Structures are given as structure tokens and as C-alpha cells.
2 protein chains.
Amino acid sequence: MTGHNPGMNVTGHTRRSVSIRDVATAAGVSYQTVSRVINDHPSVKPSTRERVLAAIDELGFRRNATALALASGRSRAVTVLTANTTHYGYASILQGIEEAARAESYAVGIGVLESADEAAVATEVRRAADASGGLIVIAYDPPGVKALAAVPADLPVVGVVETPTSPPGGDRPWVWTDDREAAYEATRHLLSLGHETVHYVAIPSSTRRTSARTTGWRQALKEAGAPEPRPVQGRWGPAGGHAAGLKLAQDPQVTAILCGNDDLALGVIRALHETGRAVPGDVSVAGFDDAPHSAYLTPSLTTVRMDFTGLGRSAFALLHGVLEESAPVAPHPVSVPELVARESSGRRRPAGGRPA
Amino acid sequence: MTGHNPGMNVTGHTRRSVSIRDVATAAGVSYQTVSRVINDHPSVKPSTRERVLAAIDELGFRRNATALALASGRSRAVTVLTANTTHYGYASILQGIEEAARAESYAVGIGVLESADEAAVATEVRRAADASGGLIVIAYDPPGVKALAAVPADLPVVGVVETPTSPPGGDRPWVWTDDREAAYEATRHLLSLGHETVHYVAIPSSTRRTSARTTGWRQALKEAGAPEPRPVQGRWGPAGGHAAGLKLAQDPQVTAILCGNDDLALGVIRALHETGRAVPGDVSVAGFDDAPHSAYLTPSLTTVRMDFTGLGRSAFALLHGVLEESAPVAPHPVSVPELVARESSGRRRPAGGRPA
DNA sequence: CTGAAAGCGCTTACAG
DNA sequence: CTGAAAGCGCTTACAG
């Protein structure tokens, strides 16, 4: 074959897709009938349906989702706005959303909020809003919190938030994990092992103000009458934990450390190891999240398990309820964390002496 | 306000968005002129542009991306088809794609291939094809390989493949990491430390046949004249490594283990620890990927660093070149892995004796 | 059960 | 520099 192919589009590599009109011609019916067939409309004569289906198959017809969305107004799509897609918690929430979305034949898009800069956030929110469908914003950090607040009022949106008190999204639906309770439990666990107090290495918080985890930790200390050390501000990732750990290792008084997540805890443990302090012999360490590898570290990590994928599924279910009249809108779901005690936390060693 | 709001859509919560016609009316121009303004067309009188911009601002106009896509035929969207979104390598590739896509104002969608079942794969591919735009398929595993093969011929697609020899995508563009070379280097590293041979714990492979990593490992053994033990088939994740490690720990001859990824290596190390074998004292262990925490484990993990985000960026660049005539289509890029020797690998201890 | 019309919100020529 | 027409590929009433 030579010559210009009228089926090529501008970029010259994609043949114009076959439309319902092409199918209609091939099947000898009107294109409305084709529409009925692909929409499983009941009132189509079986023999007609057969012919149309055969034509669809032969021509390799695929319904154009863009045209469907434009004509019908329904888009069956959700865009997830998040500051990160790789950290365990974020990635797991995204996974949960995707699972639930796939089960309902929703397409899922992602938009990453690279900075908390107002203009950058606004740009990302606009891009996400441009994509038709609903929005889920993971508002665990400053970019996410700002994005949730910046979502236009007329857009269906669900927030995944750190704490439900005065959620930044106003009266919009949200899902959350009870981080305050989780930190409270973890701190009580460490105190119950005889430690005089518990130090805290914080993850970058959702706000300037105190995070839910910090609040829970503080509450447990207060109730126990334990002194409240200054929280160490950690960065994301093991490197941040390592830096914080080196700092804490200088203080021989430190015997228990709660970390904002498992990656931080892993870095802290490494720092303690490097400075010759045994875990849990000299210092007990606990994390947050129960990442897949945490059970296989040496020492295995005491942590608080969070059901992030379940949280993601809930977020989608909520959005789905908002988008489709049929699906009921559930109340704001909460994921209840579960303490998992492992090797990295142990009884405080009697002051002064090393065991034989 | 009471009564029915004609601006509400079926679901009753979203006001019909303002269109270019609304803007045109408000600005006292035709809607074509509005189209010119939002497309930065040069031939618009400055004063007209001002008025239109003002109307856009006042009415809160947002251009409907669906209509844009349908009318123009360009969609500026990419869908990533992958078996997984959370494992380090996959998540990092996705991150790289997203970064590059965002820089070009492309929307990114994800579709997860939950099983290698033909029908399930076909369904996911169809869904991805329905979303307009290009496709990137991560073909590191059976579902991905099958998906890449099932992509309709008329769709712009880039494959992220394990090995470039007879890629499953035929003559389609692809990107790859040189896994064979990576495994070769890692194996040579372990052999150079005096180990008689190197055992291998494999990740689930892309095919029934031998993976590139297995090939590289085997090649290094052969060149060195080392005996070739049977590879241990691992599952994904630390649990798989742990199971494999327990098995290998039973054989006192085992002094060096190469693992298909860092998570597997972490599990193997844990298993060796549990069975009283020191790393690297008794057994050297190396992984693949250089995950963020690998440098902070104790012992820190010898591994092969792979530039997955760079690979993702390359994949997008390639697709971008295919989609837009202006962007040049680069040749199949390869990411060159880099060996990172850390604490988990060491010289083989002289046979028979434990050091004092 | 099936067909002809109008329209979703835009863009792309075509006029002037 | 700006406007009127046609059309992207579908769906949704409206006819019959």
C-alpha cells in the first residue's frame, strides 16, 4: 500500500478509531442501535444484537471513553492528589483506592504535589480538577492540606486526613486513622516497660501546629506523670531517622524512643548501633505503620499497624457514594491502629548496671 | 433559594460548569474568541483578551478537558499498566513517569494488573486503552509481559522491560535496566571475596524462562568455574526472603547469597540471624535495587543500585516522542546499574575455624 | 424494537 | 482581528 492513509491522525501513527457509525454501517443498522447494544439496553432484538456484536468484533470497535464522558456527563474516574506515592503509608492508601476503584470500573489518576508553595499547589489542584470525575486528597502534610483547602467547592472530593477535628476540607467527607490514639498506645507500651519517659522523633507534620501523633504521645506522658522531652523533628526516610538517632544517642538518659514511622525507626536503630547502644538492651525503639519489612529487621520492630489500604478503600467508597446517587454515603470512617510489640522494645535495664 | 436548580446535574451536587459560551456572553464576544484566548492564540486584540480574561476569572471558568480531548484529538495523558504500585522498583518507576509527565502537563493514570490470568489482563488492557492517550506497561512480571503483548497495535505504547532481547512488544519502543550485567557484577563481587560459589534467591520472574538476573549470575559463575547451585525461587517481599533464607541456612556450605531484590535480602538476613549464622561473618548477602532503607540496615546491605526513577522518566520521554511529532523519538534507553558494596558482604572466612 | 434529532463543550478550518 | 459552521464520538430524549 502506498499513498496517504486518511485514517492516520496528525501524529501519523494512530489510525482513526472505528466509531459506532462504522459499526452501524457494517451491521446494517443505525448507530443508535449500536449505542443500545454496547450499553446493554434490553430492547434490542436478539438477532440485531448478534449482528452488531459481530460487526464490533470484526472491526475491533472500542468505545471512545472521552466521547462517552462528554455526552453522558458521567466519567467514572477518580484523581488522587498526594505529596508522595512511594512512602509506605501513601503508597498503601493509593493501592487501596486503586483496588476499590477498579472493582467499580473507575479509572484512577494521580497528581503529585511536589511542594507546599501556594502557586504550585493551585496548579496541581487545577490539573486534577480538569480531569473529570472525583478527587481524593491525601492531606497528611502541608502540600496535601493546602490542596484539600484549594479544591473548588463544586468538585466531589474526599480528604484522607490526619485528624478529624476541624478538618481543612470543611464539611466535606473524609477518612482518617486515629493517629493520636496510636501514639498514645505506643507510648503507654514503652512506659509500661519501665522507661522513665519516651522520646519522640516526629515525621514532617501536616501543619505547623502539633500533629495528632505528637498529641497522643504527649497525652500518655502527661497521664503517667513522665517528663516531656522536646520532640526531635525528623525528615522523611531512614536518613532522617539516622540523623535524629545520632542526636539522641548522645544523651545517656534516653532509654525509649518513639518514631513517627518505621523508616525513621530503622534509621534511629542504625544510629544507636553505630554509637554502641544496644536495642533493646540500652534503648527501646518503636515505629509507626508496620511496613512489610519491619517484622524482618534485626531486631524486629515494635510498631503500630495501620490499615492504609483499608483506608484507601474507604476513601473511594465515600467518594463513590458522593458521585453516584445509588451508593449510600457512609459516615467518616476511621481506621483503628493496632500495637505490635516485637524485639525492638524491652524492659528498661536497672539503672547503673549492665547485665552479666 | 428554593426550587430546583437547573445547574445541578443528576447526582445533585455539582453545578453545571460554566462553558466558553457563558464566558463569551459575559465578555460580549463570540465563543470562538474565548477559545482563542484560552489557547493563547496570537491574533486577539489586547483589549478583547482583557475582557475575556476578566469574564473567565469572574465566572470561574475551567476548560473542560474531556471536550478538549474529544474535539482536538490530543489528550496529553498516559496510563501506566503495572502489576504493582508499592514495591520499591515499581513505585520508583511510577514516580519517574509522573515527574516527567507533570513537567509536560500530561495527566497520569494507573491500572493494576492483579493477576496473570488472560481474561483479567485483557480487561485491564482494555480499560487502559479506553482512557485516551498513551500507555506505559511495566513488563517485569508475567501479568506485565502479557499485558504488553495484548496492547492493540494502534495504541502508542512504551514497555519497561527486563531484557531487550526479543522484547514481547515487538518493534515497539522500550526502556530497560541491564539486569543481566547487574547480576553479573554482583556475583563477581561476591566471588572476588573468596567465596567458592554464590547462591541465588530469585524474584518472581517475568517469564517461565530464565530471567536476566539469573542469566547474569549464572554467567559469572561459569566464567569463574564455580559450581552452579540451583536457584531458590522466592516470592515477593521480605517474607519470601525469610523462607528462602531458612532453607539455605540448613546448608553449611552456603557462604554467599545473591538476592533478587533488597526486600528478599532483608528476609534472608533475618533468617540467617535466627539460625545463628552471622552476616557477613558466616554468610555474605547481596541484594538488588538499593532501596532507601538498605544503607541503614544492620548490617548495611550490599546491593546494586538501579535508577528506577530515571528509567520512568525515560519511558515517558519515549512515549512523548511517539505521541508528539515535535518531540524526537530517542533510541531505547538503558539504565546502567551500579554495585554498592556495604557491610553485608565480606571475605570468606577460612574454612573450619571461627575467628577468636 | 429501531431510527432521526439535538446536544455534551470544545477545536478546527473557513470566511470576512 | 473576529464570527458562523461543522464536527469530534458518543448519549439522551423524542418519535414511530
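Residue numbering restarts at 1 for every chain, and letters A, B, ... go by the order of the sequence lines. Excluded from the calculations below are hydrogen atoms, water molecules and symmetry mates; all remaining heavy atoms, backbone and side chain alike, are included. Predicted model only: the values in this text are computed from it and were never measured.
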Inset, instruction - Is it possible for you to check whether A/R21 lies under 6.0 Å from the centre of the six-membered ring of A/Y31, through NZ or CZ, and within 45° of that ring's axis? - result: yes

Legend entry - Main-chain N/O of A/V44 paired to A/T48 side chain as donor or acceptor, under 3.5 Å: no

Select base, sugar-phosphate, or nothing to describe what [X] touches, counting heavy atoms under 4.0 Å on all strands.
X	result
A/R21	base
A/L68	sugar-phosphate
A/R49	nothing
B/I20	base
B/T66	nothing

Residue [X], side-chain atoms from C-beta onward, closest of [options]:
X	options	result
A/V29	C/dG3, C/dT11, C/dC8	C/dG3
B/S43	C/dT11, D/dT2, D/dC10	D/dT2
B/R63	C/dT11, D/dG9, D/dA5	C/dT11
B/K45	C/dT11, C/dG9, D/dT2	D/dT2

Inset, instruction - Using Watson-Crick or G-U wobble pairs with both distances under 3.5 Å, give me DNA chain D in dot-bracket, 5' to 3', with [ ] for crossers and | for pairs to another strand. - result: |||.||||||||.|||

Legend entry - pair B/V78-B/L319: side-chain heavy atoms closer than 4.5 Å: yes

Inset, instruction - Assess whether one donor atom and one acceptor atom, taken from the side chain of B/R36 and the base of D/dG3, lie less than 3.5 Å apart. - result: yes

